[in-house]
Amino acid sequence: MAGRARRHTLDAPISLYEVHLGSWRRKPEEGNRWLTYRELAEELPVYVRDAGFTHVELMPITEHPFDGSWGYQTVGYFAPPGASARHTTSWLSSTRSIVPASV
């Protein structure tokens with residue numbers, strides 16, 4: 001926490017990593033499935049930090065009628081995608097895992 005105040009001053013440079021969770025990474029060894037929220041919470045902070053970004057911007061967590069839209073064409077605003085519905089209980093705890101990583 002002491003180091004955070006030094007890094008988060010108004011004149012500190014920032015570098016945003018915008019990410020669409022549904023298309024960021026897949027598991028090719030498991031039929032190219034999407035990552036669960038818990039897996040995202042484990043892998044995304046490490047990736048973002050190692051790539052040198054200071055902040056993460058999540059694209060809307062919504063349903064997409066076309067997977068290739070990468071989050072730009074949405075329906076069902078503010079609702080986790082239907083394909084991930086079985087993982088929604090881990091969404092809050094996963095988000096709490098990303099935030100303290102202090103990317």
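Remember, predicted model here, so these are calculated numbers, not experimental data.
When all heavy atoms are compared, the tightest approach of H55 to V48 is O-CG1, 4.4 Å. For the pair G52 and S15, the tightest heavy-atom approach, listed with the atom from each and the gap, is O-CB, 4.3 Å. Nearest heavy atom pair, residue L35 against residue L40, reads CD1-CD2, 3.8 Å.
Here L21 contributes atom CG and E39 contributes atom CD; the two are 12.5 Å apart, rounded to the nearest 0.5 Å. One finds the CH2 atom of W24 at 7.0 Å from the OH atom of Y47 (value rounded to the nearest 0.5 Å).
Between E43 and K27 there is a salt bridge, since at least one side-chain N of the basic residue sits less than 4.0 Å from a carboxylate O of the acidic one.
A 4.5 Å side-chain heavy-atom check between Y17 and E57 finds every atom pair outside the cut-off.
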(request) With side chain to side chain contact (heavy atoms under 4.5 Å, CB included) as the test, would you mind laying out the steps for V56 and L16 before giving the verdict? (result) CA-CA 6 Å; V56 175; L16 293 171; over 6 Å; no

